[in-house]
Amino acid sequence: MDLVHLLGGLDARPWSSLSHAHGSAEDIPDLLRALTGADADAADEALSELYGSVLHQGTVYAASAEAAPFLAGIAAAGHRTADVLALLGGMAESEDEYGVAPGAVRAAVADRLPLLLPLLASPEPEVRRTAAWAVSHTRATAIALPALRARWDEEPESTVRAVVLAGIARLDPQGGAAAAAAVLDPSRSAEVRMAAVFASLDAGAPWTEPMHTTMLSLLPADPLRSDLDLERGEPLAAVVEALLGRGRSMERKVAFALVDAALHDGRADVRAEGLWAADRACMLSRSAPRRLVRNLRAAAVDEESVVAMSSLLGRLGSVAAPAADILAPLAGRNPDQDDDHADRALAALVLVAPAQSAPLLAAGLGRRPRALDTAAGFRSPEDSAFPYDGELLDAVRDRLAQPGALSGNEPWQLTNLLAGWGAEAAPALPELCAALPHFPGQAARAIASVAADCAPADRARAVTSLRAVAAEQGVLPAAKALHDLDGEIAPLLHCLGQDLRHSASQLREAARMTGGLGPRAAALAPALREALGGTNGDTTAALDTDTALAEALWRVTGDAERVVAVLDSVFARAAQNPWSRWSVVRAARTTALLGPAGRPLTARLNAALDDPAQAPAAVLALTAVAEPASLDRPALAEAALRSAEQDADTAGACDALEALGPGALTGDHVRRLAALADGDARVVRSGVEDRVIRQDEALRHRARVLLTACTDPAAP
């Protein structure tokens, strides 16, 4: 097919009025021309640009649908055929659609199946393989399925047969499972048998002994991973995830049995896959940690394996205590030298067995940055301090006595440890006061925390040091600590006034501190109003700053009229910015503080109930501001419960359900709450990886408390 015919009508399309990931799609014609050109480097760059624009991180756009027919023609004409088929398949697969009708991109690819299906018979195996994957994602079963079945009967290459089988299973799960059952025996290629296992799982077929034996025989399965199926990049872990996803006890048992077998295998690469699968299981199943932790010990056969599992053990926390002894020898190695492996093991031990880790951290302080960071932020954000240890206190004092030798985050880490110990860290007050001029932001908070319950002489020394830095140098953290410790407010008001008027970067934090003072900060009310007049943007930062200023103004003055107007503006501007959904949450939580004075914002709050991330904060605000008789409490409970179930805002959902009270929950709500409390599947699955398990356990605990309140009238 000649280029003129291939790209016929390209310039007649309304590219400039269409959009992709980076805005206007007016660059698409040039990219398509470059893709078909003789310059290989230019074609490579064009392909990369197309991935970044019409399939950006898995998202498709209006321009994607418009480009699909041209891309199909390019593939059929033999220009970078396999690469273009992979792009088309990804576009058809996507369900993350932005600015385009649902299914429009997939339909545009399916519309060109007459061009794509002949590629299933290409003489090039890679083209056949990618074509099978791409056409199956069009979901055009009536056209694509017969072609894939015919290819299955004829295809000689095992890597292609595996993808064809997966495509058949995608379009016809039961038919795929039937074909899979016939190819599990060891005489078949490993690639096809791996595809058969997944085809059976996808069809919901029972997990049988032949499937179990087949999966074990395929280990190590990592070489069988498909570059076209990134979600199954770790085959054993993907099988375990599929089994756990069925939510039945029997499938959990067989999933854990697969993991156990891999962890006990004599081959290092199989044990590594077992560790990946164990990690996935623990992130998905609440029963997995206690079930698997002892078997992790079997895989700890050398230093590399201990390091590899240290991250998982740390995330499991105290549940992994039976494995603490496999961390301790490595964690205590070479305390007087930089040693990354020892640092990783010690960081895990800090979370698994903190008391056991403390003397090891003391011995290596200054050379174990990862472990120190873990101890300083111990179980953050649950606000639980690392347990006090005398040896570690002495080591921290020695480090603080050399402020010039500290680097990076070390000042924050050391002072945070001391702040968590409170009065127990009183012997370190001289070092903290000496460090104050060097690290005022970090040291001031620790001084206030440590000196709060100290002897009068120690307290007086701390106040003198803080006053010098706060009053003479105008350092806000020192002024805040001085106020917290001694009630002296003038330096704090001065510093806050400076930041409110002149520091855009510190405006939100200054507003928060000002609000904390309440009416005592009345002198700063003009500065708050002036700052509010200077922001009107719709960025997340601008919206959150306005909310913080409005909250401060309310706490300081009670000026409901101005505050309501500001919050109404925040809600309105956030509605125009799809990235500002959490700004609505923060504005709703501030609205709740207003009580009935926030009633004019009721319509804004009701609008937020449809977004699972925003719903809990909206429920809390409505219970505070709306006329009580106007509230449909079961409907509000439904919105909050749905947020928890979807892992949108689990902590906020519990706050909202608590505020509504047991009377708002229907029988169905109680059953669903019981699933949150006692189900095996983790509800929290997203967020910072190191916190997922802890946050899910926190949800589980709170759900049980709420459930008890529903079922036991005598419960608090």
Side-chain angles (χ1 to χ4, degrees), residues 331-332 335-336 346-347 349-351 353-380 383-471 473 475 477-488:
D336 56 347
L346 182 54
L349 193 64
V350 162
L351 297 169
Q356 186 176 348
S357 73
L360 303 181
L361 180 58
L365 202 65
R367 291 168 292 275
R368 298 293 180 265
R370 190 185 301 269
L372 175 58
D373 190 63
T374 302
F378 188 71
R379 303 208 182 281
S380 177
D383 199 28
S384 173
F386 187 75
Y388 170 79
D389 180 84
E391 289 181 58
L392 185 53
L393 173 62
D394 291 341
V396 170
R397 294 180 66 188
D398 288 343
R399 292 294 294 167
L400 280 177
Q402 310 168 59
L406 304 183
S407 62
N409 290 327
E410 201 173 0
W412 174 86
Q413 294 161 343
L414 297 173
T415 56
N416 208 50
L417 271 177
L418 297 176
W421 290 336
E424 288 181 298
L429 271 175
E431 289 80 14
L432 281 171
C433 292
L436 184 61
H438 300 278
F439 314 112
Q442 296 90 340
R445 172 178 170 268
I447 290 173
S449 176
V450 171
D453 296 315
C454 282
D458 290 331
R459 187 184 181 96
R461 175 176 184 168
V463 167
T464 300
S465 297
L466 290 169
R467 184 178 292 124
V469 176
Q473 300 179 29
V475 176
K480 174 69 165 59
L482 178 63
H483 171 264
D484 292 346
L485 194 58
D486 200 49
E488 195 168 323

### Task
State, to 0.1 Å, how close Pro440 and Pro437 come at their nearest heavy-atom pair, and which atoms those are.
CD-O, 3.9 Å
### Message
As an exercise, state the distance from CG of Leu432 to OG of Ser449, rounded to the nearest 0.5 Å.
### Response
10.0 Å
### Set of side-chain contact (heavy atoms from CB on, under 4.5 Å) partners for Ala353, sequence neighbours left out
Ala324, Leu349, Gln356
### Message
So, applying side-chain contact (heavy atoms from CB on, under 4.5 Å) with Leu436, which one of Thr415, Val475, Val469 is it?
### Response
Val469
### Query
What is the minimum heavy-atom distance between Ala481 and Ala444, and which atoms define it?
CB-O, 3.3 Å
Identify each donor-acceptor pair in which a side-chain atom of residues 451-462 lies under 3.5 Å from a protein atom, sequence neighbours left out, and give them as a table.
residue, atom, partner, partner atom, Å
Arg459, NH1, Ala452, O, 2.7
Arg459, NH2, Leu485, O, 2.4

## Note on the structure
Quick note, salt bridge (charged side-chain N to carboxylate O under 4.0 Å, His left out) partners involving residues 355-378, not counting sequence neighbours, are Asp340-Arg370
### Query
What pairs of residues pass the ring pair (Phe, Tyr, Trp, His ring centres under 6.0 Å) test when at least one of them lies in residues 446-471, not counting sequence neighbours?
none
### Task
Identify the heavy atoms of Pro430 and Ala426 that sit nearest to each other, and give their distance.
CD-O, 4.2 Å
### Task
Just grab all the salt bridge (charged side-chain N to carboxylate O under 4.0 Å, His left out) pairs involving residues 421-438, residues at least two apart or on different chains.
Arg397-Glu431
### Query
Shortest non-hydrogen contact from Ala355 to Pro359?
O-CD, 3.4 Å
### Query
Which pairs count as ring pair (Phe, Tyr, Trp, His ring centres under 6.0 Å) when at least one residue sits in residues 435-458, sequence neighbours excluded?
none
### Message
Checking Pro335 now: which residues fulfil side-chain contact (heavy atoms from CB on, under 4.5 Å) with it, not counting sequence neighbours?
### Response
Ala363
### Query
CD/Gln413 to CG/Leu365 distance, rounded to the nearest 0.5 angstrom?
9.0 Å
Can you give me every donor-acceptor pair (side chain of residues 416-423, partner residue at least two apart or in another chain, under 3.5 Å) with its distance?
residue, atom, partner, partner atom, Å
Asn416, OD1, Arg445, NH1, 2.7
Asn416, ND2, Ala376, O, 2.5
Trp421, NE1, Phe386, O, 2.7
Trp421, NE1, Pro387, O, 3.4

Tabulate below the donor-acceptor pairs under 3.5 Å that side-chain atoms of residues 389-396 make, not counting sequence neighbours, or state none.
residue, atom, partner, partner atom, Å
Asp389, OD2, Glu391, N, 3.1
Asp389, OD2, Leu392, N, 2.9

### Query
salt bridge (charged side-chain N to carboxylate O under 4.0 Å, His left out): which pairs involve residues 408-418, sequence neighbours left out?
Arg399-Glu410
### Message
Quick check: closest heavy atoms across Leu360 and Ala331, and the distance to 0.1 Å?
### Response
CD1-CB, 4.1 Å
### Task
Sequence neighbours left out, what passes side-chain hydrogen bond (donor to acceptor under 3.5 Å, both in side chains) with Asp486? Give chain and number order.
none
### Message
Measuring from atom CG of Asp398 to atom CG of Leu414, what distance do you get when rounded to the nearest 0.5 angstrom?
### Response
11.0 Å
